[in-house]
Amino acid sequence: MIVTELEQFVRTPPPGFAVEVCSAGYCVKSDPENCLVLIDDFESCGGKVVFQSSLGRKVKMHNLWEYTRVRKSLLSKRIYLVMALCEENPPLTNKQTAKVPQGSRRYVVSIDGRDPFISWQIERGLNWTISSVAGESYRVDIDLSEALQTWTERHFHVLPGKDITAHVWRDTCFSLKYYSDALFDFPHWFGFSKRKFKLAVGPTQSTRKQDKGMNTCLSKKPLRRSS
């Protein structure tokens with residue numbers, strides 16, 4: 001797993017990415033042959049950030065061909081997502097508090113779907129999902145929360161007086177939503193066909209470093225576009 005501050009990612013994009021500054025913010029282009037981007041457009045302090053080739057955090061599929069294509073991409077490419085790290089875990093009382101809290105920081109998180117341990121978990125989770133829904137429409141959430149928490153404990157330099165346990169990752173899932181052509185899709189309508197499985201990373205994946213920015217200090221200033 002590689003975790004990079006969004007600001008650093010935009011300033012110095014990794015191989016396979018290019019960033020263009022536009023009037024509204026940033027346009028991020030990626031190599032679709034090697035990168036599977038699952039990031040929704042969002043607003044940052046420097047403007048709107050748009051990932052052009054992204055499928056979005058919630059990937060919709062309507063037939064077996066689309067499912068096969070998405071599954072193949074998950075198992076053959078590096079997967080990119082944006083997640084947020086918050087200093088506190090505020091209670092979720094309504095839709096507004098469910099959003100990323102003010103003061104949190106966004107990170108681009110990537111995992112290698114070609115890694116044997118990662119691909120085994122994805123295949124196992126998808127096979128379990130299909131076998132448990134009996135042909136109806138379904139949604140499966142793939143959760144990286146435990147892997148991210150492990151990474152945080154190993155790699156973050158916490159400032160004096162800060163408690164590492166108070167930092168909580170948000171938006172740690174991406175979803176696959178399959179819509180069948182069943183005439184009466186009652187399990188899906190009533191929310192009975194939702195599934196979820198978690199991904200873990202082994203010691204080699206969680207400790208691999210991309211660059212000096214891998215160990216991140218929580219006090220860095222946000223990115224702002226130059227005039």
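Counting begins at 1 with the first residue of the sequence. What's counted below: heavy atoms across the whole structure, side chains too, no hydrogens, waters or symmetry copies.
Expressed to the nearest 0.5 Å, how far CZ of Arg106 lies from CD1 of Ile39 amounts to 11.0 Å. In this structure, Leu126 CG and Leu176 CG are separated by 6.0 Å, a value rounded to the nearest 0.5 Å. Here the OH atom belonging to Tyr178 is positioned 8.0 Å from the CE atom belonging to Met61, to the nearest 0.5 angstrom. The distance from the NZ atom of Lys177 to the NE2 atom of His62 is 9.5 Å, given to the nearest 0.5 Å. Separation of atoms CG (Leu74) and CD1 (Ile142) is listed at 6.0 Å; rounding is to 0.5 Å.
Listed by chain and number, the residues in a side-chain hydrogen bond (donor to acceptor under 3.5 Å, both in side chains) with Asp40 amount to none (sequence neighbours excluded). Lys72 meets the side-chain contact (heavy atoms from CB on, under 4.5 Å) test with Ser76; sequence neighbours excluded. For Ser53, the side-chain contact (heavy atoms from CB on, under 4.5 Å) partners at least two apart in sequence or on another chain are Ser30. Scanning for salt bridge (Lys or Arg N to Asp or Glu O under 4.0 Å) contacts around Lys48 gives an empty result, with sequence neighbours left out. With sequence neighbours left out, Leu55 forms a side-chain contact (heavy atoms from CB on, under 4.5 Å) with Leu36, Leu38, Val59. When the salt bridge (Lys or Arg N to Asp or Glu O under 4.0 Å) test is applied to Arg69, no partner is found at least two apart in sequence or on another chain. Among residues two or more places apart in sequence or in another chain, the side-chain hydrogen bond (donor to acceptor under 3.5 Å, both in side chains) test is passed with Arg114 by Asp112. Legend: residues meeting salt bridge (Lys or Arg N to Asp or Glu O under 4.0 Å) with Asp143, ordered by chain and number and at least two apart, are Lys196. Qualifying salt bridge (Lys or Arg N to Asp or Glu O under 4.0 Å) partners for Lys77, counting only residues two or more places apart in sequence or in other chains: none. In terms of the side-chain contact (heavy atoms from CB on, under 4.5 Å) criterion, residue partners of Arg124 (sequence neighbours excluded) are, by chain and number, Trp120. Residues passing the ring-ring contact (aromatic ring centres under 6.0 Å, His included) test with Tyr80 are Phe17, sequence neighbours excluded.
The two residues Ile79 and Leu81 have their closest heavy-atom pair at CG2-CD1, 4.0 Å. Minimum heavy-atom separation, Phe9 to Val28: CE2-CG1, 4.3 Å.
Using a 4.5 Å heavy-atom threshold, the side chains of Val3 and Thr152 count as separate. Contact of the Trp169 side chain with the Gln149 side chain is registered, since non-hydrogen atoms from C-beta on lie closer than 4.5 Å. Under the 4.5 Å side-chain criterion, counting only non-hydrogen atoms from C-beta, Tyr179 is not in contact with Asn63. Put simply, the side chain of Leu148 reaches to within 4.5 Å of the side chain of Val109, judged on heavy atoms. Between Val82 and Asp171 the shortest side-chain heavy-atom distance does not fall below 4.5 Å. Here the side chains of Lys58 and Arg139 are in contact, with some heavy-atom distance below 4.5 Å. Between Asp115 and Met1, every side-chain heavy-atom pair lies at or beyond the 4.5 Å cut-off. Contact check for Phe197 versus Val140: side-chain heavy atoms found under the 4.5 Å cut-off.
Side-chain N or O atoms of Ser119 include one that pairs as donor or acceptor with a backbone N or O of Pro116 at under 3.5 Å. Side-chain N or O atoms of Arg57 include one that pairs as donor or acceptor with a backbone N or O of Cys173 at under 3.5 Å. Within the 3.5 Å criterion, the main-chain N or O of Leu199 finds no donor-acceptor partner in the side chain of Glu146. In this structure, Ser137 contributes its side chain and Ser180 its backbone to a donor-acceptor pair below 3.5 Å.
Follow the hydrophobic side-chain contacts under 4.5 Å out from Val49 and you reach Val21 in the same cluster. Under a hydrophobic-cluster definition in which Ile, Leu, Val, Met, Phe, Trp and Tyr are linked whenever side-chain heavy atoms come within less than 4.5 Å, directly or via other members, Val50 and Val108 are assigned to different clusters. Residues Leu64 and Ile130 share a single hydrophobic cluster, defined by chaining ILVMFWY side chains whose heavy atoms lie under 4.5 Å apart.
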So Phe174 and Leu144, side chain to side chain contact (heavy atoms under 4.5 Å, CB included) or not? Walk me through it. CA-CA 9 Å; Phe174 65 94; Leu144 280 73; 4.1 Å; yes
Hey, mind stepping through Gln8 and Val10 against side chain to side chain contact (heavy atoms under 4.5 Å, CB included) and telling me if it holds? CA-CA 5 Å; Gln8 176 185 335; Val10 172; over 6 Å; no
Step by step, work out the salt bridge (charged side-chain N to carboxylate O under 4.0 Å, His left out) result for Arg105 and Glu7. CA-CA 10 Å; Arg105 296 188 60 77; Glu7 295 86 347; 2.9 Å; yes
As a quick check of understanding, evaluate side chain to side chain contact (heavy atoms under 4.5 Å, CB included) for Cys35 and Arg78, giving each step before the final call. CA-CA 5 Å; Cys35 305; Arg78 178 165 283 276; 5.7 Å; no
Please lay out, stage by stage, how Tyr107 and Met83 fare under the test side chain to side chain contact (heavy atoms under 4.5 Å, CB included). CA-CA 5 Å; Tyr107 293 82; Met83 300 177 183; 5.7 Å; no
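Applying the ring pair (Phe, Tyr, Trp, His ring centres under 6.0 Å) test to residues at least two apart or on different chains, none of the pairs has a partner in residues 30-54.
For the residue pair Arg195/Thr129, the side-chain donor-acceptor check at 3.5 Å is not satisfied.
A salt bridge does not link Lys60 to Glu66: none of the charged nitrogens lies less than 4.0 Å from a carboxylate oxygen.
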